[in-house]
Each structure stands twice: as C-alpha cells, then as structure tokens.
Amino acid sequence: MRADSTTIVALVTAPASGAVGILRVSGPAALEVGRRLAPGVPASPTPRHVYLASFVDAAGAVLDEGLFLYFQAPRSFTGEDVVELQAHGSPRLLRLLLSRALEDERVRPALPGEFTRRAFLNGRIDLTRAEAVADLVAADSEAAVRAAAAGLSGALAERIRALETPLRELHADLEGVLNFPDEAEGADAEAGPRVTALRSAAEALRAEVGRGRLVRQGARVALYGPVNAGKSTLFNRLVGEARALVDDEPGTTRDALEARVEWDGLGVTLYDTAGLREAPGRVEALGIARTRELLAAVDLAVLVLPPGTSRDEASSWTREAGATPVLSVTGKCDVMLEAREEHGSAALPSPAPPRVSGLTGEGVEALRTSVLTWLWGGGTPSAVALVSERHADALRRTAEALGRAEAASRVSTLEVLSGEVGLALEALGEVSGTSVSEALLDTLFQRFCIGK
Ligand SMILES: Nc1nc2c(c(=O)[nH]1)N(C=O)[C@@H](CNc1ccc(C(=O)N[C@@H](CCC(=O)O)C(=O)O)cc1)CN2
C-alpha cells in the first residue's frame with residue numbers, strides 16, 4: 001500500500017482567528033506551489049531553514065508577510081516534500097492562500113488525517129504512533145496528554161514489537177520445519193511453551209484497554225442516594241464551586257448535574273443525581289429514570305447516605321446501582337452527632353461507611369483518594385499504554401489464534417499449528433499496521449481532523 005502521488009494542501013491550524021495560521025503542502029509539487037505563493041524564496045531553499053517571505057496574490061500584490069519552511073523528502077512529517085506557510089491567523093487570509101495553492105492542478109485539499117496517513121504509508125511512523133497523534137489532539141486531561149505523548153514516542157509500538165518479533169520468528173521456525181523436515185528436528189516440540197508465553201503477553205496487553213479508556217475518555221462517577229443526604233453540598237465541595245442548587249427542601253436536586261474535574265491528572269466527570277425513590281412530582285419521576293440510566297453507565301457510584309441509615313436500607317440502596325461498583329459514605333457528618341442522639345448508634349450500618357461533610361470538608365479528601373484508588377488502583381495514569389478498543393479487538397483475535405495454536409501443539413499437525421500462528425501474526429499486524437486493509441485505514445483516519 002502506497003501514498004498516492006498527488007500534492008495535498010490544508011490549513012493545519014484551527015479555522016478561527018489566532019495569532020498565527022499555518023498552511024501545509026505535502027507532495028512532489030509542494031516546493032513549486034509554495035514558491036508561487038512566496039516568490040521571494042530561493043528556488044532551492046535550504047531545508048528546515050526559516051525564511052521570512054511575502055505571500056502574494058496572482059497579481060503579485062502582497063497579502064501577508066510570514067514564515068516559509070521547506071522540509072525535503074524524506075526528512076519531513078509525511079516523508080514527502082513539505083512546505084509550510086506560517087501566516088497571520090486571519091481565517092479569510094488563510095482561505096485566500098489555500099485557494100491560491102489549489103489553483104495548481106496537481107494539488108487537492110487534504111482529507112482528514114491524510115498527512116498522518118501519508119506519514120504511516122511512507123514508513124515514518126507505525127500505526128500506533130499515527131493513532132497517538134489523534135489521541136494527543138483529542139487529549140483533555142493531563143494524563144491523556146502524557147499517555148498520548150508516550151504513544152507518539154513509540155511506547156505502545158515497542159510493546160507490540162516485543163510480541164510481533166518473537167511471533168514472526170516462531171512462525172518462520174515452524175514454516176522452516178514444514179519445508180525442511182530433516183534439518184530442523186525438535187523445533188516443533190519447543191513451540192508449545194513459546195505459544196503459551198506469547199498468548200499471555202497478548203492477553204496482558206489487551207487487559208490494559210480499560211485503563212486506556214479511562215485515561216482517554218475520563219472516568220464517570222455519580223453521587224446518588226436518598227433525598228437530602230447531602231449529595232449536592234458534597235458535589236459542590238468535590239467540584240470546588242457552587243454548581244448545584246443547594247436547598248434544605250427534600251428533592252431540590254431535580255436534574256443530574258455534571259461537572260468535569262481533573263484529579264491527579266485523570267479526567268473525571270462527576271454527576272449529582274436526583275433522589276432515586278421518593279417521587280412526589282412528575283419532574284422528580286423523570287429525574288429518577290435518568291438516574292437509573294446514569295447509574296448503569298458510570299464507572300463508579302458513590303452512595304451518599306444520611307446519618308442513621310440502617311444496614312438494610314443501605315444495602316437496598318447499594319442494589320439500585322446494579323452492576324456498577326458502589327462506594328458508600330455517610331453524608332452530612334456535621335449533623336452526625338445530632339442523628340446519633342435521635343436514633344442511637346445501633347441504627348448505623350456496621351461498619352459505618354466513612355463520614356464526609358460537604359459543608360465542613362471533613363472526609364472529602366479521603367473520599368477523593370478512595371475514588372481514585374477504586375478507579376485506578378496504583379500507578380500513575382500517565383504511564384498507561386493507550387490500548388484502544390480497536391487494539392483490544394485485534395489483540396483478542398491474536399490471543400484466540402494462539403489459544404488454538406496451543407491446543408494444536410498438543411494434538412494436531414504442524415500445518416495446523418503454523419496456520420494458527422500465522423493468523424495470530426496477521427491479527428497483531430492490524431495494531432502495528434504491518435497488515436492493514438485500505439478500508440481499515442479509511443475508518444481509522446476518518447476520526448482525524450483536516451490538516452492533521
Ligand atoms: N509547524 C509545525 N508544527 C508542528 C508540526 C508540523 O508539521 N508543523 N507537527 C506535525 O504535524 C508536529 C511535529 N511533528 C513532526 C514530526 C516529524 C517531523 C520531521 O521532519 N521528521 C523527519 C525528520 C526527523 C529529524 O530530522 O529529526 C523524519 O521523521 O524523517 C516534523 C514534524 C507538531 N508541530
């Protein structure tokens with residue numbers, strides 16, 4: 001598979017006013033096109049040198065004074081000749097420059113992600129690094145930035161290579177035995193343990209998809225529980241600003257309010273829900289249906305119980321969250337003593353859930369830490385390999401083929417064993433990009449923006 005030989009052009013910067021806007025041209029005609037817009041630049045500019053140049057219209061009138069950069073193939077982002085015009089960031093000016101570039105019949109507008117696609121097709125970067133480019137552009141938490149940057153510098157590529165290389169060697173060995181049975185005696189006997197080791201490595205990498213998703217998309221955490229348990233005050237305290245409508249009237253919080261926070265670099269969307277049960281009015285009933293839906297969808301539910309909740313009551317609330325894990329806290333611990341006097345401490349579930357007070361802040365930091373531990377376990381979110389759903393699916397097929405290869409190493413012929421190892425190799429190649437179809441690349445690069 002090869003990049004086509006057209007020259008492509010796009011605005012690299014966002015289509016909005018900014019200090020600087022960049023037009024990028026990539027392909028064989030890049031230098032000529034660039035020099036038509038900036039005729040003052042020498043015919044053979046020094047690659048990677050910055051020229052200050054006038055950008056002109058067809059009549060030679062100056063449109064802007066900007067910077068001109070030339071990257072000579074193959075030492076460029078795409079591996080092709082690349083020219084950049086760095087102009088002042090007026091969207092109208094940039095469109096003028098863009099249409100000037102498009103006047104050349106060898107030039108067409110770049111498709112979404114086409115620069116990066118060409119970088120991949122020209123062997124500058126493997127597919128995991130190309131995907132990391134999109135991850136970095138989309139990153140909206142510090143952990144997501146750091147994890148994508150690690151991917152861009154080849155962290156995931158390296159881990160895939162650590163699987164792919166021995167797998168390819170094993171396949172070559174097996175094919176060798178098949179083709180020259182006399183020369184490679186005993187090679188098939190070693191195959192079983194090698195397959196087993198590779199299968200567990202593939203599975204271990206695949207298991208990181210959950211963390212990859214958390215880092216990429218952020219975690220979702222909902223506060224829920226009986227009305228007037230102190231959810232909204234706690235929510236506000238966690239969010240750090242008075243977002244929710246707080247009132248002493250039971251059932252005040254009618255809608256799920258959400259706020260995005262960043263905890264230890266991890267993006268977390270917090271939801272403050274309406275009470276699940278007591279439903280005097282229609283508005284509340286709507287809120288309840290939405291709360292149930294939300295609880296099923298989040299990564300973690302924090303059950304906020306009023307002081308003095310019985311153990312039975314607490315566990316029936318826990319069941320409301322269905323399969324979603326629940327972390328229980330006793331809210332309004334500022335009124336705890338009062339409650340104790342009323343009900344006696346025997347009414348509390350034992351062991352009583354940790355106490356938090358949105359009002360005084362007591363226990364809130366501890367809650368934040370427990371939530372993070374729950375979501376994340378140990379380690380830093382930024383060190384995670386950004387295994388995507390797509391990678392996980394390919395790794396699952398890799399592991400499955402290796403599972404069949406394992407069975408084959410015990411009972412079947414060498415052909416069957418080698419065939420399965422070949423299939424595993426092919427599935428793994430979809431991650432690194434050594435075996436991908438045009439159609440897969442199309443879907444993959446569709447999620448990129450134009451100019452990337
Ligand atoms: N102005 C500008 N800023 C940008 C980009 C760009 O294209 N233009 N980038 C992109 O969108 C990113 C930078 N990425 C780049 C990656 C590789 C090469 C490059 O020239 N690679 C060559 C040479 C490597 C070397 O000599 O060290 C290569 O890989 O062969 C350039 C940019 C982010 N910032």
Side-chain angles (χ1 to χ4, degrees), residues 2-3 6-31 33-35 37-38 41 44-53 55 64-91 93-94 97-98 101 107 109-140 144-158 161 386 432-433 441 444-452:
R2 302 192 41 181
T6 51
T7 295
I8 54 174
V9 62
L11 299 179
V12 188
T13 43
S17 297
V20 173
I22 302 179
L23 186 78
R24 177 160 59 182
V25 194
S26 178
L31 184 55
V33 171
R35 282 191 68 252
L37 273 74
V41 169
S44 304
T46 310
R48 304 170 157 262
H49 180 87
V50 181
Y51 292 89
L52 179 61
F55 303 150
D64 191 13
E65 187 167 86
L67 301 180
F68 181 104
L69 269 87
Y70 169 54
F71 298 85
Q72 189 171 36
R75 281 191 63 199
S76 72
F77 177 66
T78 57
E80 305 171 331
D81 267 5
V82 170
V83 164
E84 274 187 21
L85 302 186
Q86 308 196 348
H88 287 100
S90 145
L93 162 67
L94 289 160
L97 296 175
L98 183 64
V107 180
L111 300 169
E114 195 170 11
F115 291 97
T116 312
R117 185 176 185 149
R118 287 186 173 198
F120 165 68
L121 290 173
N122 291 324
R124 312 312 293 169
I125 51 177
D126 82 327
L127 208 49
T128 68
R129 291 176 65 194
E131 290 175 282
V133 170
D135 284 331
L136 189 52
V137 172
D140 67 351
V145 167
R146 291 184 187 279
L152 193 58
S153 59
L156 181 57
E158 191 41 60
R161 201 159 36 236
L386 279 190
S432 61
L441 292 184
L444 226 122
F445 285 100
Q446 252 154 32
R447 75 178 179 116
F448 283 57
C449 45
I450 288 182
K452 195 60 253 169

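It should be emphasised that the depicted structure is a prediction, and the values quoted were computed from it without experimental measurement. Numbering of ligands and ligand atoms starts at 1, following listing order.
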Check your understanding: Protein heavy atom under 4.0 angstrom of atom 33 (C) of ligand 1, is there one?
Key ->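 So atom 33 (C) of ligand 1 lacks protein heavy-atom neighbours under 4.0 Å.
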
Review point. Is the shortest distance from atom 27 (O) of ligand 1 to a protein heavy atom below 4.0 Å?
Key: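 No, there is none.
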
Identify the protein heavy atom lying closest to [atom], giving its residue, its atom name and the separation to 0.1 Å.
atom: atom 25 (C) of ligand 1; result: Arg75 NH2, 3.8 Å
atom: atom 3 (N) of ligand 1; result: Glu84 OE2, 4.6 Å
atom: atom 14 (N) of ligand 1; result: Phe77 CD1, 4.1 Å
atom: atom 11 (O) of ligand 1; result: Lys452 NZ, 2.9 Å
atom: atom 23 (C) of ligand 1; result: Arg48 NH2, 2.9 Å
atom: atom 30 (O) of ligand 1; result: Arg124 NH2, 2.1 Å
atom: atom 5 (C) of ligand 1; result: Arg24 NH1, 4.4 Å

Practice item. Search all heavy atoms of Arg48 against all heavy atoms of Arg75 and return the closest pair with its distance. Key: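 Heavy atoms only, the tightest pair is NH2-O, 3.3 Å.
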
Point to revise | From Thr128 atom OG1 to Phe120 atom CZ, the distance as rounded to the nearest 0.5 Å | key: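 It comes to 10.0 Å.
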
Review point. From Leu97 CG over to Phe55 CZ, what is the distance, rounded to the nearest 0.5 angstrom?
Key: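 The CZ atom of Phe55 is 7.0 Å from CG of Leu97, to the nearest 0.5 Å.
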
Review point. Any donor-acceptor pair under 3.5 Å linking the side chain of Arg35 with the backbone of Val41?
Key: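 Between the backbone of Val41 and the side chain of Arg35 there is a qualifying donor-acceptor contact (under 3.5 Å).
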
Review point. So, Arg124 side chain and Pro74 main chain: donor-acceptor pair closer than 3.5 Å or not?
Key: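 It does hold such a pair.
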
Review point. Which ligand 1 atoms, with their elements, are less than 4.0 angstrom from a heavy-atom of Gln86?
Key: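 Near Gln86, meaning under 4.0 Å from one of its heavy atoms, ligand 1 has 1 (N).
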
Practice item. Below 4.0 angstrom from a heavy atom of Pro74, which ligand 1 atoms are there? Numbered from 1 as shown, please. Key: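 In order of number, 30 (O).
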
Run the side-chain donor-acceptor check on residues 12-31: report pairs under 3.5 Å with partners two or more places apart or on a different chain.
| unit_1 | atom_1 | unit_2 | atom_2 | d |
| --- | --- | --- | --- | --- |
| Thr13 | OG1 | Ile22 | N | 2.9 |
| Arg24 | NH2 | Gly451 | O | 2.8 |
| Ser26 | OG | Thr78 | OG1 | 2.8 |
| Ser26 | OG | Glu80 | OE1 | 2.5 |

Check your understanding: Are Val83 and Val33 close enough, and set up right, to give a side chain to side chain contact (heavy atoms under 4.5 Å, CB included), and what steps lead you there?
Key -> CA-CA 8 Å; Val83 164; Val33 171; over 6 Å; no

Practice item. Under the ring pair (Phe, Tyr, Trp, His ring centres under 6.0 Å) rule, collect the residues that match up with Phe445, sequence neighbours excluded. Key: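 Checked Phe445 against ring pair (Phe, Tyr, Trp, His ring centres under 6.0 Å); matches are Phe448.
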
Review point. So which bit of Ile22 gets within less than 4.0 Å of ligand 1, heavy atoms only: side chain, backbone, both or neither?
Key: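 Ile22 to ligand 1: side-chain contact only, backbone stays beyond 4.0 Å.
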
